[in-house]
Number of protein chains: 2
Amino acid sequence: MSHTLGIRQAQKQKTRQALLDSALGLLEHQSLSSLGLREVTRAVGVAPTAFYRHFRSTADLGVALVEEALGSLHPMIEDTVSTAGDSDERIARAVELIAHHVGAHPAHVRFIARERHGGVQPVRDAIREQLARFAEEVAHALAEHPESAGWSDDDLLMLAGLYVDHMLMAASAFLEALDGSEAERERVARTASRQMRLISIGRRHWLG
Amino acid sequence: MSHTLGIRQAQKQKTRQALLDSALGLLEHQSLSSLGLREVTRAVGVAPTAFYRHFRSTADLGVALVEEALGSLHPMIEDTVSTAGDSDERIARAVELIAHHVGAHPAHVRFIARERHGGVQPVRDAIREQLARFAEEVAHALAEHPESAGWSDDDLLMLAGLYVDHMLMAASAFLEALDGSEAERERVARTASRQMRLISIGRRHWLG
DNA sequence: CCATGCAGTTAACAACTGTTCTCTGGAATT
DNA sequence: AATTCCAGAGAACAGTTGTTAACTGCATGG
């Protein structure tokens, strides 16, 4: 059970969250390496120096954003891969889930896609670590499938990495289609599904 | 036959290229959206205002860099996919070629991976357009293979997109391993090869 | 050989940046 | 009730940014 926070700590976490939210908003049209500390505090309506009470630098804030964007995603991933049903059902469910998540948290998805290869190393490292954790979890979930009989751990991790990469690609494609037509979003969903299906077919015939 | 440039035009292109080169260098540790015009001219050793003689803005320079990084890559791609030999030979050749290209032009690869989802829209658009062209060319090359009998154009483009995305993923992975050990680079190559092989197996069993 | 064109320079502009130091008011502790 | 603590404010710092204007010198075309 978590201890109830005092008025003081509560207010601090509130402004901290406001900083994170404003930063995420400002990052829609720029990269983290060009995000200014003053820019963020101005958007929140707080003095520039208040920033230092919460983060050492904008890079530090970026790492916190990685946690916020990816930290709560682990149960969802595992759940999707572990779900019963044949391959096509799982793929349909996964694509639907990705589309829904992008619609619900577009700024988070944009941030991850953008900063994965971005100019701020600590943030890149944080994202890489989280994605590696995802891949490991997916590999463990895949190992439970009957189709994975005879697979080496290394091959399972290789496949899991392919899935994770493709999930992020699909998420990014959905993001670009967010302001487009319904038909365009449908086209993205169909392409992502077929690509995942092709990978799954490759998986089925990998051995032998 | 190209007309020989006068002293004047030659000098102009020379400084223009110097601007592009310096910018590419500065972009190793930051994103385009944080690259300053003065920063670039200072690195070249030229007055800030000289920048405007060549580019309207840093975004404009970014688009030029996309051209430089991807424009000359089309023959190489087509050549690789069209090469004779069985699937495994083609994959080995492709991975080797990617590794070599990353080693020869790391800054270009970094720039494309970084700005593909970066904060500057005109640059994102330019990269997306070039990658779409790549996918189309790969699709046309794949259509020549006997394995592509019975494939629809749409499915071929879907597969080509998967290949292109994976090539860029592999290139980015090589880039991260550039300063690592030889063993690490070998591991990246093996993983990329197996992932491509899995996709190729999926391709072989796609129909039916 | 002279007049035009134009790549690059110089100087100045208001606006912005990250960071330091000092201060304040109210919550937390004793 | 008295004291400590600390999130946030305020002011000032030197340094940076993009953009404008008017200039200089040299290659070019007539």
Side-chain angles (χ1 to χ4, degrees), chain A residues 2-23 25-65 115 118-123, chain B residues 2-65 118-123:
Chain A
S2 69
H3 189 265
T4 307
L5 280 65
I7 297 180
R8 183 134 189 205
Q9 302 265 337
Q11 188 51 239
K12 178 170 183 180
Q13 287 214 358
K14 199 172 155 189
T15 49
R16 186 191 133 102
Q17 192 58 47
L19 288 170
L20 288 171
D21 292 347
S22 287
L26 291 166
L27 284 173
E28 181 170 352
H29 298 297
Q30 61 182 318
S31 311
L32 183 64
S33 75
S34 66
L35 183 69
L37 154 173
R38 295 183 98 110
E39 198 179 351
V40 179
T41 57
R42 192 188 313 131
V44 174
V46 90
T49 49
F51 185 92
Y52 292 106
R53 300 288 178 188
H54 303 275
F55 307 103
R56 219 181 298 271
S57 62
T58 54
D60 197 22
L61 179 146
V63 172
L65 276 180
E115 300 304 329
V120 183
Q121 212 185 37
V123 173
Chain B
S2 68
H3 188 265
T4 306
L5 281 66
I7 296 179
R8 184 127 189 211
Q9 301 265 338
Q11 188 52 239
K12 178 170 184 180
Q13 288 214 358
K14 200 173 157 190
T15 52
R16 186 191 134 103
Q17 192 58 46
L19 288 170
L20 288 170
D21 292 347
S22 287
L24 204 55
L26 292 167
L27 284 172
E28 180 169 353
H29 299 296
Q30 60 182 317
S31 312
L32 183 65
S33 75
S34 65
L35 183 70
L37 153 173
R38 295 184 98 110
E39 198 179 351
V40 179
T41 56
R42 192 187 315 129
V44 174
V46 89
T49 48
F51 185 92
Y52 293 107
R53 301 287 179 191
H54 303 276
F55 307 103
R56 218 180 300 270
S57 63
T58 53
D60 197 22
L61 178 146
V63 172
L65 276 179
V120 185
Q121 211 184 41
V123 172

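Chain A is the first sequence line, chain B the second, and so forth, proteins listed ahead of strands; every chain is numbered from 1.
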inquiry  = Does T49(A) contact dT19(C) through a side-chain donor or acceptor facing the base, at a distance under 3.5 Å?
reply    = no
Residue met sooner reading DNA chain D from 5', once Q9(B) and L35(B) are mapped to nucleotides = L35(B)
task = Round to the nearest Å and state the distance from R56(B) atom CZ to dT19(D) atom P.
result = 12 Å
request  = Please state whether the base of dT19(D) and the side chain of R38(B) form at least one donor-acceptor pair under 3.5 Å?
outcome  = yes
request  = Answer yes or no: is there a side-chain heavy-atom contact under 4.5 Å between L65(B) and L32(B)?
outcome  = no
inquiry  = Looking at R8(B) and dC6(C), is any side-chain donor or acceptor paired with a base atom of the opposite kind under 3.5 Å?
reply    = yes
ask   = Would one find more than 12 heavy atoms of other residues, nucleotides or ligands at under 6.0 Å from atom CD of Q9(B)?
value = no
task = Quickly work out the E39(B) CD to dG15(D) C1' distance and round it to whole Å.
result = 14 Å
ask   = Expressed in angstrom and rounded to an integer, what is the separation of D60(A) atom CG from dG18(C) atom C1'?
value = 15 Å
remark   = With the side chain defined as heavy atoms from C-beta on, L37(A) is closest, among dT19(C), dA27(C), dA7(C), to dT19(C)
request  = May I have the distance from R16(A) (atom CZ) to dG8(D) (atom C1'), rounded to whole angstrom?
outcome  = 16 Å
ask   = Quick one: F55(B) CZ to dA7(C) P, roughly how many Å, whole number?
value = 13 Å
task = Could you tell me the separation between the CD1 atom of I7(B) and the C1' atom of dA7(C), rounded to a whole number of Å?
result = 14 Å
task = Taking the side chain as every heavy atom from C-beta outward, state whether T58(A) and V120(A) have any pair of such atoms under 4.5 Å apart.
result = no
task = Examine distances only and state if a side-chain atom of T15(B) and a backbone atom of K12(B) form a donor-acceptor pair shorter than 3.5 Å.
result = yes
First encountered from the 5' end of DNA chain D, between T58(B) and R53(B) = T58(B)
message = Does dT17(C) have its OP1 or OP2 closer than 4.0 Å to a side-chain nitrogen or oxygen of R42(A)?
response = yes
inquiry  = Is there a side-chain contact between T15(A) and the phosphate of dA7(D), meaning an N or O under 4.0 Å from OP1 or OP2?
reply    = no
query = Which listed nucleotide (dG8(D), dT9(C), dT19(D)) is nearest to the side chain of Y52(B)?
reply = dT19(D)
message = Could you tell me if the side chain of D60(A) sits less than 4.5 Å from the side chain of F51(A), heavy atoms only?
response = no
task = Measure the distance from CG on L26(A) to C1' on dC16(C) and round it to the nearest whole Å.
result = 15 Å
request  = Using whole Å, report how far NE2 of H54(A) lies from P of dA7(D).
outcome  = 7 Å
